[in-house]
Amino acid sequence: MTQNLTPEPYSRPLTNIERMFMWSPYSIVTLLVRLRGRVNERTLQDAVDKVSLRHPQLRSRIVRAGSDLMLTTEGAGGPWVQSIPRQSEQHWLRAVEESVRMPFDFGAQPPIRFLLLESSRNTDIVILCHHIICDGLSLVNLARDLLGHLANPALAVEPLPESAPLSEENMPEGVSLNAMEKMGIGRVNSRWEKERMIFDQEDYRSLHRAYWMRFRHRVLTVAWDEEETAALVERCRAHEVAVNTALTMAFVAAQGAVLGDQPFHEKAAVAVDLRERLPQTPGPTMGFYAGLARPRARYESGRGFWENAARLHSTLEGLYDDKHLFEPLLTWCALDPTILEAMPFKRLASVLQPGVPRYARLASFGRRDDTVLSLLKRDEMATLKDIVYGTAVTNLGSVEGPWEQGTLAVERMVLKPGGGFPLANVNLVVGAVTVNDRLSLAIEYVEDNVDTATMEKIRDQALAFLRE
């Protein structure tokens, strides 16, 4: 590809945890990297080629081999790169909205895209990547590598050693399912064996089209400067809470203040990086290495904001142990993986419209009372009308650079975290990342749940809580 390096072949089965995202149209992680300095399409393509040598997922496709889905470099095309003239600071959001409407071709190309929005002084690089090969920190690692090659085209490529994925074989000691849980999962798998349906790229295309024709993900952004960010960190430190906790409670409280009490407001989901907890730590590589803490985050109006935040902080600390974070993942590992692959088709059956390819097959599966439906009912996700979480937060924290190299400097990053379930099931999703001491937030939602004018009030109220 470049520098006369011959890439090593790469092939491995996808884990059950990765297969949970397979065929999902909404599981797309997006990272905006805003640069001071100019980059052209040719330079970006060359840098992408080089980081693809470092990260084999960027030159891999997904193929079915018997009962396995394989991630393999054999026969795979390269990542998709597109250049667009940059019109404004918010133009990247319109570009993302257009890009997500195009389904990934899993069997031909890596499920990742790079958008370049050029202007005379500033450059926006947007990375859109399917959750099946990444999480938020993966894209930060990728952005760091990309910046190095953009700033220095002669920089030598350093391929990473192959890293172990998050799987049943790579979990902390002492985490396990008990005999009753294993027996119950065994019964689920046995029932599914009689009902099993296998889905493919054509099914995914129809589902992807139906989802994005039905839903439009809206995004509000917040950009704090160094002074505002430092003040928030100091307030959190003074009240002995993490910034992550304060962000979560701020949006929980703001929704209550603006919308009134709703039963889903106290149901929160907080993403947790699992890398350092694994026996085989992955290092600065690509992959999905995230867990979820699910606290009860009730805001008590008789207490102040920071007292409520402190109570949530205590609750979260009790949920950050291996048992709470890894046992749900172990359940996925024990399930027949084709159950996990079928879930998006069951969840989204109601948005399918007659005339799309495979409509009869997919609609019939959606109506069927079966194992997949019973599992989704158990998790209160059987329909798109159920709001399961009021607030979901992914905070990458302050990410390490270097973020200034040569004539290029990263001014800001913005994260849209994506997820494992439709956005209609979450009232709002917050992505947070701090670069060069500047905090950025992306607040994502669908107007089926909350209209934009109301969400702006929720955003402003949340920021007011954080500034108290």
Side-chain angles (χ1 to χ4, degrees), residues 26-41 43-44 47-48 51 58 79-102 112-119 121-131 134-148 150-151 216-225 229 247 271 286 393-401 403-405 408-419 423 428-445 459:
Y26 40 76
S27 297
I28 301 172
V29 188
T30 304
L31 184 71
L32 165 69
V33 183
R34 177 153 289 162
L35 295 172
R36 185 174 66 252
R38 297 194 66 181
V39 174
N40 61 42
E41 185 174 359
T43 305
L44 177 59
V48 168
V51 297
L58 301 190
W80 187 84
V81 177
Q82 181 184 13
S83 178
I84 306 167
R86 184 177 186 267
Q87 298 174 1
S88 68
E89 285 201 354
Q90 296 298 305
H91 184 195
W92 72 277
L93 289 171
R94 298 200 308 276
V96 167
E97 186 175 351
E98 293 175 8
S99 184
V100 296
R101 291 178 177 273
M102 294 185 292
I112 185 169
R113 297 184 182 125
F114 295 84
L115 303 180
L116 173 65
L117 281 71
E118 301 180 68
S119 72
R121 296 179 61 184
N122 297 88
T123 300
D124 286 349
I125 296 174
V126 184
I127 308 171
L128 299 97
C129 188
H130 201 279
H131 240 325
C134 83
D135 55 17
L137 281 174
S138 296
L139 299 192
V140 171
N141 292 336
L142 181 56
R144 188 186 301 110
D145 294 340
L146 200 63
L147 179 64
L150 287 170
R216 185 178 178 186
H217 289 202
R218 301 286 191 174
V219 178
L220 300 178
T221 59
V222 176
W224 280 10
D225 60 20
T229 303
L247 288 172
M286 299 269 301
V393 176
T394 296
N395 178 22
L396 303 185
S398 182
V399 294
E400 295 182 1
W403 298 120
E404 185 167 354
Q405 298 190 47
L408 299 176
V410 175
E411 292 190 335
R412 189 173 295 279
M413 289 184 185
V414 182
L415 172 74
K416 280 186 352 89
L423 188 56
L428 65 83
V429 174
V430 179
V433 59
T434 301
V435 177
N436 293 331
D437 301 321
R438 302 183 191 108
L439 171 67
S440 299
L441 304 178
I443 305 149
E444 193 169 12
Y445 59 100
R459 174 201 59 192

- Please lay out, stage by stage, how Ser119 and Asn122 fare under the test side chain to side chain donor-acceptor pair (under 3.5 Å). CA-CA 5 Å; Ser119 72; Asn122 297 88; 4.7 Å; no
- Show the numbers, then the answer: is there a side-chain contact (heavy atoms from CB on, under 4.5 Å) between Phe114 and Leu128? CA-CA 6 Å; Phe114 295 84; Leu128 299 97; over 6 Å; no
- Item | side-chain contact (heavy atoms from CB on, under 4.5 Å) assessment of Ile443 paired with Val429 | CA-CA 6 Å; Ile443 305 149; Val429 174; over 6 Å; no
- Task: In sequence, state the C-alpha distance, the side-chain angles, and the governing distance for Val33 and Val410, and then conclude on side-chain contact (heavy atoms from CB on, under 4.5 Å).
- Result: CA-CA 7 Å; Val33 183; Val410 175; 4.0 Å; yes
- Task: Step by step, work out the side-chain contact (heavy atoms from CB on, under 4.5 Å) result for Arg144 and Asn141.
- Result: CA-CA 5 Å; Arg144 188 186 301 110; Asn141 292 336; 3.1 Å; yes
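Side chain of Trp403 to backbone of Val399: a donor-acceptor contact under 3.5 angstrom is found. Listed for the Thr394 side chain is no donor-acceptor partner under 3.5 Å among the backbone atoms of Pro417. Without hydrogens or angle criteria, Arg216 side chain to Glu97 main chain gives no donor-acceptor distance under 3.5 Å. Panel note: side chain Arg412, backbone Leu439; a donor-acceptor pair is recorded below 3.5 Å. Put simply, the side chain of Thr123 never gets that close to the backbone of Leu35: no donor and acceptor are under 3.5 Å apart. Judged by distance alone, with hydrogens and angles left aside, the side-chain atoms of His91 form no donor-acceptor pair with the main-chain N or O of Arg94 at under 3.5 Å. Between the Asn395 side chain and the Gly397 main chain, a donor and an acceptor come within less than 3.5 Å of each other. In this structure, Arg36 contributes its side chain and Glu411 its backbone to no donor-acceptor pair below 3.5 Å.
To the nearest 0.5 Å, the span separating CD on Gln82 from CD on Glu98 amounts to 8.0 Å. Interatomic distance, Met286 CE to Leu142 CG, rounded to the nearest 0.5 Å: 5.5 Å. Put simply, OG1 on Thr229 and CH2 on Trp224 are 7.0 Å apart, with the number rounded to the nearest 0.5 Å. Taking OG1 from Thr221 and CD from Glu89, the interatomic distance works out to 8.5 Å, rounded to the nearest 0.5 Å. To the nearest 0.5 Å, atoms CG (Leu93) and CG (Leu32) are separated by 8.0 Å. With values rounded to the nearest 0.5 angstrom, Leu247 atom CG is found 6.0 Å from Leu441 atom CG.
No side-chain heavy atom of Val430 sits less than 4.5 Å from a side-chain heavy atom of Tyr445. Residues Leu44 and Val81 meet the side-chain proximity criterion, which asks for heavy atoms closer than 4.5 Å. Counting heavy atoms from C-beta on, the side chains of Leu115 and Ser99 come closer than 4.5 Å. Looking at heavy atoms from C-beta onward, Cys129 lies in side-chain contact with Leu139 at the 4.5 angstrom threshold.
Using a cutoff of 4.0 Å between basic side-chain nitrogens and carboxylate oxygens, Lys416 and Glu444 are scored as salt-bridged.
The two atoms that bring Val39 and Leu116 nearest to each other are O-CD2, 3.8 Å, heavy atoms only. Closest approach of Leu58 to Pro79, counting heavy atoms only: O-CG, 3.1 Å. Across Tyr26 and Gly419, no two heavy atoms sit closer than the pair CD1-O, 3.9 Å. Of all the heavy atoms in Arg86 and Asp124, the pair that sits closest is NE-OD2, 3.0 Å. Taking each heavy atom of Leu150 and Ala47 in turn, the nearest pair found is CD2-CB, 3.7 Å. Residues Ala442 and Leu415 share a closest heavy-atom pair of CB-O, 3.3 Å.
Using a 3.5 Å distance cut-off with no hydrogens or angles, the side chains of Ser138 and Asp135 do pair a donor with an acceptor. Side chains of Glu118 and Ser83: a donor-acceptor N/O pair is present below 3.5 angstrom, by distance only.
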